[in-house]
Amino acid sequence: KLPRQGRVFLSVNDRDKGQLPEVARALAELGFELVATRGTADLLRESGLAVRTALKVHEGRPNVVDMIKNGELDMLINTASGKLTAGDSRAIREATLQYGLPYTTTMSGARAIARAINAMRTTEPRVRSIQSYYQASPAWEAREGCHHESPARP
């Protein structure tokens with residue numbers, strides 16, 4: 001279940017840092033408070049965003065897992081790389097599962113989450129059958145407009 005507001009934790013590897021400001025800005029515009037590890041927080045501040053710094057698990061306490069356990073976070077975006085961050089990521093994943101928090105490990109997932117939260121705020125969800133989507137597609141109209149005759153048998 002995606003939150004509509006609250007705090008989002010961000011920690012991304014170097015190859016994802018170019019994509020992060022756009023996603024973080026979208027979440028900030030949706031009213032989320034940003035919390036990030038030192039390197040990620042520095043990047044976000046350079047991009048003009050307000051962000052609170054949090055410790056990685058291996059850096060001491062209180063750290064991101066402590067924040068999860070204390071109910072201080074509502075969602076996490078964490079793209080790990082390297083041996084130290086892999087251990088941190090495992091502890092973070094375990095805590096998010098235990099406490100039922102939304103968590104993504106990819107930037108495409110982070111963008112999708114930001115779009116979904118925005119959509120949740122602007123539209124009411126509707127339940128429709130898969131058949132109704134199919135019938136509304138141009139492929140359905142083309143198929144229904146086409147009448148195929150069976151070949152005549154001798």
Side-chain angles (χ1 to χ4, degrees), residues 1-140:
K1 188 172 181 182
L2 295 175
R4 292 177 185 243
Q5 60 186 12
R7 281 190 199 106
V8 59
F9 172 79
L10 307 142
S11 182
V12 300
N13 62 45
D14 288 341
R15 73 177 177 271
D16 290 332
K17 286 192 175 168
Q19 301 172 60
L20 183 64
E22 173 193 355
V23 172
R25 188 172 315 286
L27 292 168
E29 288 172 358
L30 289 167
F32 284 87
E33 181 183 337
L34 306 178
V35 178
T37 52
R38 188 178 10 243
T40 301
D42 290 344
L43 169 74
L44 294 175
R45 285 187 191 104
E46 289 170 12
S47 299
L49 294 165
V51 59
R52 176 178 153 195
T53 304
L55 293 177
K56 294 179 181 179
V57 177
H58 72 271
E59 293 177 332
R61 300 186 90 164
N63 58 51
V64 60
V65 171
D66 295 322
M67 294 178 78
I68 293 168
K69 290 177 179 179
N70 293 334
E72 297 176 44
L73 297 173
D74 300 288
M75 180 171 59
L76 294 91
I77 297 167
N78 181 35
T79 67
S81 67
K83 291 182 181 180
L84 279 177
T85 57
D88 280 12
S89 293
R90 178 182 211 161
I92 292 168
R93 278 193 311 274
E94 288 173 358
T96 58
L97 286 170
Q98 184 177 2
Y99 290 87
L101 295 177
Y103 176 75
T104 186
T105 59
T106 66
M107 291 308 298
S108 59
R111 279 190 298 279
I113 286 171
R115 285 193 306 266
I117 292 169
N118 186 50
M120 287 172 18
R121 290 178 169 200
T122 58
T123 59
E124 283 297 315
R126 294 181 302 148
V127 176
R128 289 176 52 189
S129 69
I130 193 75
Q131 292 84 355
S132 67
Y133 285 102
Y134 181 68
Q135 289 173 345
S137 76
W140 172 265

Check this for me: [X], atom [atom1], are more than 12 non-hydrogen atoms of other residues, nucleotides or ligands nearer than 6.0 Å?
X: R52; atom1: CZ; value: yes
X: R61; atom1: CZ; value: no
X: E59; atom1: CD; value: yes
X: L97; atom1: CG; value: yes

query: Among pairs that include at least one residue of residues 22-32, which meet salt bridge (Lys or Arg N to Asp or Glu O under 4.0 Å), considering only residues two or more places apart or in two chains?
result: none
message: Do the side chains of D66 and K69 get close enough for a salt bridge, i.e. N-O under 4.0 angstrom?
response: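 So D66 does not pair with K69 through a salt bridge.
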Closest approach of [X] and [Y], non-hydrogen atoms and distance?
X: M75; Y: I117; value: CE-CD1, 3.9 Å
X: G109; Y: T104; value: CA-OG1, 3.6 Å
X: T37; Y: S11; value: OG1-OG, 3.1 Å
X: P21; Y: G18; value: CD-O, 3.8 Å
X: A36; Y: A41; value: CB-N, 3.7 Å
X: A24; Y: L49; value: CB-CD1, 3.8 Å

Separation between [atom1] of [X] and [atom2] of [Y], rounded to the nearest 0.5 Å:
X: T106; Y: I113; atom1: OG1; atom2: CD1; result: 8.0 Å
X: L30; Y: N118; atom1: CG; atom2: CG; result: 5.0 Å
X: M107; Y: R15; atom1: CE; atom2: CZ; result: 11.5 Å

Looking only at atom types and distance, does a side-chain atom of [X] sit under 3.5 Å from a main-chain N or O of [Y], one as donor and one as acceptor?
X: D74; Y: R7; result: yes
X: N70; Y: E72; result: no
X: T96; Y: L101; result: no

- request: Kindly determine whether N63 and D88 satisfy side chain to side chain contact (heavy atoms under 4.5 Å, CB included), including the steps that lead there.
  value: CA-CA 10 Å; N63 58 51; D88 280 12; over 6 Å; no
message: If you define the side chain from C-beta out and look only at heavy atoms, does anything of K17 sit under 4.5 Å from T40?
response: yes
query: Under 4.5 Å between any side-chain heavy atoms of L76 and M67, yes or no?
result: no
query: Given I92 and V65, is the side chain to side chain contact (heavy atoms under 4.5 Å, CB included) satisfied, shown in steps?
result: CA-CA 6 Å; I92 292 168; V65 171; 4.2 Å; yes
- request: Going by the side chain to side chain contact (heavy atoms under 4.5 Å, CB included) test, name the single residue among V8, L10, L73 that passes it with V35.
  value: L73
- request: Quick one: do R45 and T53 satisfy side chain to side chain contact (heavy atoms under 4.5 Å, CB included)? Show the steps, please.
  value: CA-CA 10 Å; R45 285 187 191 104; T53 304; 2.8 Å; yes
message: Quick one, I77 with L27, criterion side chain to side chain contact (heavy atoms under 4.5 Å, CB included). Give me CA distance, side-chain angles, the key distance, then yes/no.
response: CA-CA 11 Å; I77 297 167; L27 292 168; 3.8 Å; yes
